[in-house]
Amino acid sequence: MQPFTERVIAIIKGIPPGSVMTYGQIAACAGSPRAARQVVRILHSMSGKHDLPWHRVVNSKGEIAIQGEEGRYTQQLLLQEEGVEPSLGRIIDLESFQHHPAPESGKAE
DNA sequence: GCCATGGCTAGTA
DNA sequence: GCCATGGCTAGTA
């Protein structure tokens with residue numbers, strides 16, 4: 001697995017319950033601010049095997065970005081169970097719920 | 001060529 | 001709603 005991919009996975013695993021990060025934010029933390037779509041691809045293909053909290057990742061507006069009805073519903077439910085309540089437009093208030101990892105976190109022990 | 005983005009523009013009210 | 005972006009993978013030679 002490539003270093004960028006490993007960093008992205010470590011960052012996603014570090015998102016605590018009850019908070020979210022955005023695709024672009026994760027890419028930036030992993031060292032490639034323009035690689036938001038790569039974060040998408042990693043989540044899409046590896047969230048199961050690596051036991052990632054995939055539901056804690058949303059787009060830059062705070063919206064659930066999943067495609068199908070079923071997936072959208074599942075993500076919304078998992079977030080609500082952690083106390084993340086979207087407002088009426090299904091928008092999550094990033095000011096309240098966005099996780100900002102410390103620069104040291106996710107690096108080598 | 002994939003992809004669950006993101007940032008900007010045009011068009012409407 | 002359009003389109004540039006980018007790390008990775010599959011498929012071919």
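Every chain is numbered from 1 and lettered A, B, ... according to where its sequence line falls, protein lines coming before strand lines. Because only heavy atoms are used, hydrogens play no part in the values below, and waters and symmetry mates are left out as well, while side chains stay in.
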* Check whether any side-chain nitrogen or oxygen of S60(A) sits under 4.0 Å from OP1 or OP2 of dT5(B), and answer yes or no. => no

* Examine dC8(C): is either OP1 or OP2 under 4.0 Å from a nitrogen or oxygen in the side chain of T5(A)? Give yes or no. => yes

Length of the line joining [X]:[atom1] and [N]:[atom2], which is rounded to integer Å:
X: R41(A); N: dT5(C); atom1: CZ; atom2: C1'; answer: 15 Å
X: L43(A); N: dG7(C); atom1: CG; atom2: P; answer: 17 Å
X: I12(A); N: dA4(B); atom1: CD1; atom2: P; answer: 15 Å
X: I64(A); N: dT5(B); atom1: CD1; atom2: P; answer: 13 Å
X: L94(A); N: dG6(B); atom1: CG; atom2: C1'; answer: 13 Å
X: E6(A); N: dC8(C); atom1: CD; atom2: P; answer: 10 Å
X: Q75(A); N: dA4(B); atom1: CD; atom2: C1'; answer: 8 Å
X: Q38(A); N: dC8(C); atom1: CD; atom2: C1'; answer: 5 Å

* **Of the listed nucleotides dA4(B), dC3(B), dG6(B), the one nearest the side chain of Q67(A)** => dA4(B)

* Asked: Out of dC8(C), dA4(B), dA4(C), which has the shortest distance to the side chain of A65(A)?
  -> dA4(B)

* Do the side chain of R37(A) and the base of dT5(B) come within less than 3.5 angstrom through a donor-acceptor pair of N or O atoms? -> yes

Flag the pair [X] / [Y] as yes when at least one side-chain heavy-atom distance between them is below 4.5 Å, and no otherwise.
X: M1(A); Y: M46(A); value: yes
X: V58(A); Y: Q75(A); value: yes
X: S19(A); Y: V84(A); value: no

* To do: Would you mind pulling out the nucleotide paired to dA4(B), Watson-Crick or G-U wobble, both distances under 3.5 Å?
  => none

* According to the Watson-Crick and G-U wobble definitions, with both distances under 3.5 Å, which nucleotide is paired to dT9(B)? -> none

* Can you check whether P86(A)'s main-chain N or O pairs, donor with acceptor, with Q76(A)'s side chain at less than 3.5 Å? -> no

* For V57(A), the option from T22(A), L52(A), I15(A), V40(A) that meets side chain to side chain contact (heavy atoms under 4.5 Å, CB included) -> I15(A)

* Just checking Y23(A): base, sugar-phosphate only, or nothing, at a heavy-atom cut-off of under 4.0 Å? -> base

